[in-house]
**Q** 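Got a structure for you, questions after.
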Number of protein chains: 2
Amino acid sequence: MSRPTIAGVARAAGVSVASVSRVLNGLPATEEMVERVQRAVQELGYVPDARARSLKVGRTFQLTLAVADVGNPVYVTMMRAVEEVVSAAGYRLVVTTTGPDVVDEVALVRGMARGYADGLLISPIRVDEDLVKSIRECEVPVVVAGNVPAKAGVDTVRANSPKGMLLAIDHLVAQGRHRIAFLNGPADTVPGAARSKGFSEALKAHSLQPIALAEASDFTFAAGRASAPDLLTAGGFDAVVCANDLLAVGLMHELAAVGLEVPGDVAVVGMDDSELAEQCFPTLTSVNLGSAERGRRAAELLLARIEDNDRTPRRIVVQPSLSIRRSTP
Amino acid sequence: MSRPTIAGVARAAGVSVASVSRVLNGLPATEEMVERVQRAVQELGYVPDARARSLKVGRTFQLTLAVADVGNPVYVTMMRAVEEVVSAAGYRLVVTTTGPDVVDEVALVRGMARGYADGLLISPIRVDEDLVKSIRECEVPVVVAGNVPAKAGVDTVRANSPKGMLLAIDHLVAQGRHRIAFLNGPADTVPGAARSKGFSEALKAHSLQPIALAEASDFTFAAGRASAPDLLTAGGFDAVVCANDLLAVGLMHELAAVGLEVPGDVAVVGMDDSELAEQCFPTLTSVNLGSAERGRRAAELLLARIEDNDRTPRRIVVQPSLSIRRSTP
DNA sequence: ATCGTTCTTGTAATCGTTTACAAGCCCGAC
DNA sequence: GTCGGGCTTGTAAACGATTACAAGAACGAT
């Protein structure tokens, strides 16, 4: 026997399908009607079919979250915040991993036209014309967690990494560290470019020169370790700012391996202030770029746009703060 | 103007909707027919509606993954493995967080009857009669990553934590540590119970007595730190086995805070062998319970059951191994 | 030329809901 | 008693695809 439909319930209750639907959706009905329908529903163990409902009402009550890598703790933080907001609003969350390629991101955005979900929250790691175009033309509301040109006319929530960089450098300088190196992630990514720019500006603000620069192949722990030699052969630094926490922790392992003490010999600052920052040892001073808040606000923006697609796009910037821990003096 | 439907394409191409559908699904058709339909599709920018398709074919091409906490690195590992398998098979992944309560898990399983997804992969942290019942009665295929009674008659993939425990204790004993303490997570959870049992058995196998026992309130870093005093006041141990990596790392921070050296004074072993184990300092010796493999195999089992719901349930046990790092001598 | 086979295409039913519209009922006002 | 207004309820038409079935075309064999 297959599962009961609304027609079965109607038959069992001796009423019409419309009445059943109305009772189920809380529309006005007599007490007796409600009673009869509910008994029938109970008896048959009826549950409405989400697929059919989706087709009729044109909504799936699903939202898609697209990130480059579910393993990066910064996305985990964001995802948790997003999950909280959307599930409170009665939506389910579809998580997709886009990988590092922009073409996959474009394909994903285009695919949204199929109507899998009622909205898309995307945190693109690389952005190009195609992606912006596909987002602008997308059939369903899109919110970008990250940086896209204002002319794209899309809701965005982004971090202020230049300012975050400045917080980091200010702190290091205040502690008497002037010989500062920089370990960036891939410079051809949106966050990579922003942090590189922020780093230069922040140094300039203090009239300092960079002592050493390295570019990791990826925003991962392994890449952080792997690019330590690039910095170490340059040498001469008493502090390193890293483009994210994973890189920082990877670097710290290599510093320890060559006998350099953190923060005694070298101070280390990370970015993202992910859970890893307080779990590693020594605990990591890290720029909090507000990932949880960004996730939360992006989700709220998406929900708001689903309510009313005509509202003017908002561009929210979440302000950074510095979480000072033991990796800096 | 609203998006084109299959009827619009049919009109534009001057053919019937059936023909359009057939061409789109790769069923036999003349070359000219294919040509005309594809041109019309191109021109109108038609994309099929997933909602309508779902209703008709009874499948959503979505799979749900339910875990207690997306932030736990062990779930991150599992999720990544699952994502890989299911997306290769053309499914999207819906991730839901159940939280620690078994009633929420039951509600989730029951809710699957609405047909959101074609299958459910659940990793329940607490299990009771209701949950087993709801899983058995579930309308869609369910695979459990974890331990449920064999009589439930459901596909499961689980770790062998007793054996994992034994690996840990064997290693400690081989290194001359006999005064072993245990930091467990909540004992009323499935993994908590399994690890507690495993610990006792493993000690017995070596004719040892436990030196100290503590039960953290949760499988988190913070809970690990918080329960360190319980162990420290007991004292007298030269090694601690922890029920997961987060607890181990939390504990290590507190050990360092009171001046105990790892592994000099105290050896520490974690479980899960998550990414955190190689990121923390000192790097953590950890029992690899095969989370990636469990995720992968669970996903495969789910796909197989979706293909053929009559196959006899399989119960896969993934064997553990020990990843030896610097937190043990 | 006729028939049967095979292949292509079209018509229409169907999936399980929601909802516009109409019909029926009850009740009070005239 | 009749009429109008407000409720409640039912009938049937969507939503946008897939697919069973039938009809028509093409073609070779007799």
Side-chain angles (χ1 to χ4, degrees), chain A residues 1-38 40-41 44-62 90 111-118 139-140, chain B residues 1-38 40-41 44-62 90 111-118 139-140:
Chain A
M1 87 194 190
S2 120
R3 46 184 282 218
T5 71
I6 201 172
V9 175
R11 212 174 313 121
V15 301
S16 76
V17 290
S19 297
V20 176
S21 174
R22 276 189 288 257
V23 169
L24 260 32
N25 291 299
L27 296 172
T30 58
E31 209 168 314
E32 198 217 330
M33 174 65 80
V34 172
E35 155 77 9
R36 291 174 72 167
V37 169
Q38 285 184 340
V41 164
L44 299 181
Y46 167 80
V47 264
D49 184 303
R51 296 173 292 240
R53 186 161 204 284
S54 290
L55 173 59
K56 185 61 189 167
V57 305
R59 300 176 68 172
T60 57
F61 289 92
Q62 293 190 153
M112 293 302 296
R114 295 176 165 258
Y116 302 132
D118 302 341
E139 315 264 337
V140 301
Chain B
M1 81 182 198
S2 125
R3 47 184 282 217
T5 72
I6 201 173
V9 175
R11 212 173 312 120
V15 302
S16 76
V17 291
S19 298
V20 176
S21 174
R22 277 189 288 257
V23 169
L24 259 32
N25 291 302
L27 296 171
T30 58
E31 208 168 313
E32 198 218 330
M33 174 65 80
V34 172
E35 155 77 9
R36 290 174 71 166
V37 169
Q38 286 183 340
V41 165
L44 300 181
Y46 167 80
V47 264
D49 185 302
R51 296 173 291 242
R53 187 160 203 281
S54 290
L55 173 58
K56 183 60 188 167
V57 305
R59 300 175 68 171
T60 58
F61 289 93
Q62 293 191 153
M112 292 303 295
R114 301 174 97 91
Y116 303 131
D118 302 341
E139 315 262 337
V140 302

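First the proteins, then the strands, lettered A, B, ... as listed; each starts at 1. Worth saying up front: this structure is predicted, and the values here are computed from it rather than measured.
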**Q** On a heavy-atom basis, which atom in V9(A) and which in V37(A) lie closest, and how many Å separate them?
**A**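 Closest pair (atom of V9(A), atom of V37(A), distance): CG1-O, 4.4 Å.
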**Q** Does some side-chain heavy atom of T5(B) sit less than 4.5 Å from a side-chain heavy atom of D49(B)?
**A**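 In short, these two side chains do not touch, never coming nearer than 4.5 Å.
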**Q** Could you tell me if the side chain of N25(B) sits less than 4.5 Å from the side chain of R53(B), heavy atoms only?
**A**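 Of all side-chain heavy-atom pairs linking N25(B) with R53(B), at least one is under 4.5 Å.
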**Q** Evaluate the side-chain proximity of V41(A) to V23(A): yes if any heavy-atom separation is below 4.5 Å, no if none is.
**A**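 SC-SC contact between V23(A) and V41(A) ruled out.
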**Q** Name the nucleic acid region contacted by R51(B), choosing base, sugar-phosphate or nothing; use a 4.0 angstrom heavy-atom cut-off, strictly under.
**A**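 No contact.
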**Q** Can you pull the salt bridge (Lys or Arg N to Asp or Glu O under 4.0 Å) pairs that have at least one residue in residues 7-32 of chain A, sequence neighbours excluded?
**A**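 Applying salt bridge (Lys or Arg N to Asp or Glu O under 4.0 Å) to every pair that reaches into residues 7-32 of chain A, excluding sequence neighbours, yields E32(A)-R36(A).
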**Q** Within this structure, what is the CG-to-C1' distance between N25(A) and dT17(C), rounded to whole angstrom?
**A**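 My rounded result for the distance is 9 Å.
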**Q** Can you name the closest pair of heavy atoms from P4(A) and Y46(A) and give their distance?
**A**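 Closest heavy-atom pair between P4(A) and Y46(A): O-CD1, 3.3 Å.
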**Q** Can you check whether M112(A)'s main-chain N or O pairs, donor with acceptor, with E139(A)'s side chain at less than 3.5 Å?
**A**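 The answer is no, because no donor-acceptor pair under 3.5 Å joins these two groups.
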**Q** For the helix from dA1(C)-dT30(D) to dC30(C)-dG1(D), what angle lies between the axis at the first five pairs and the axis at the last five pairs, to 10 degrees?
**A**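 Nearest ten degrees gives 70° for this helix.
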**Q** Restricting to non-hydrogen atoms, name the atom on G111(B) and the atom on Y116(B) that form the minimum distance, rounded to 0.1 Å.
**A**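 The pair with the smallest heavy-atom distance is O-CE1, 3.6 Å.
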**Q** With a 4.0 angstrom cut-off to heavy atoms of chain A, pull out the first and last contacting nucleotide of DNA chain D, in 5'-to-3' order.
**A**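 The contact span of chain A on DNA chain D goes from dT8(D) to dG16(D).
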**Q** For R3(A) versus A113(B), what's the shortest heavy-atom pair and its separation?
**A**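 Closest heavy-atom pair between R3(A) and A113(B): NH1-O, 2.6 Å.
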**Q** Does the T60(A) side chain pair with the main chain of S54(A), one donor and one acceptor, at a distance under 3.5 Å?
**A**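 Not confirmed, T60(A) side chain does not pair with S54(A) backbone.
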**Q** Residues of residues 5-16 of chain A with any non-hydrogen atom less than 4.0 angstrom from an atom of DNA chain D: list those, numerically ordered, please.
**A**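 Residues of residues 5-16 of chain A that come under 4.0 Å of DNA chain D are, in numerical order, V15(A), S16(A).
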**Q** To check you understand the geometry: which heavy-atom pair defines the closest contact between A10(B) and S16(B), and what is its length?
**A**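 Looks like CB-C, 3.8 Å.
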**Q** Within residues 53-61 of chain A, which residues have any heavy atom lying less than 4.0 Å from an atom of DNA chain C?
**A**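 Residues of residues 53-61 of chain A that come under 4.0 Å of DNA chain C are, in numerical order, R53(A), K56(A), V57(A).
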**Q** In whole angstroms, how far is the P atom of dT8(C) from the CG atom of L27(B)?
**A**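 So the two atoms are 11 Å apart, to the nearest Å.
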**Q** Of all of residues 29-36 of chain A, which get a heavy atom below 4.0 angstrom from DNA chain D, listed by number?
**A**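 Within this stretch, A29(A), T30(A), M33(A) sit under 4.0 Å of the strand.
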**Q** Looking at CG of L24(B) and CD of Q38(B), how far apart are the two atoms once the value is rounded to the nearest 0.5 Å?
**A**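 Here the interatomic distance stands at 8.5 Å.
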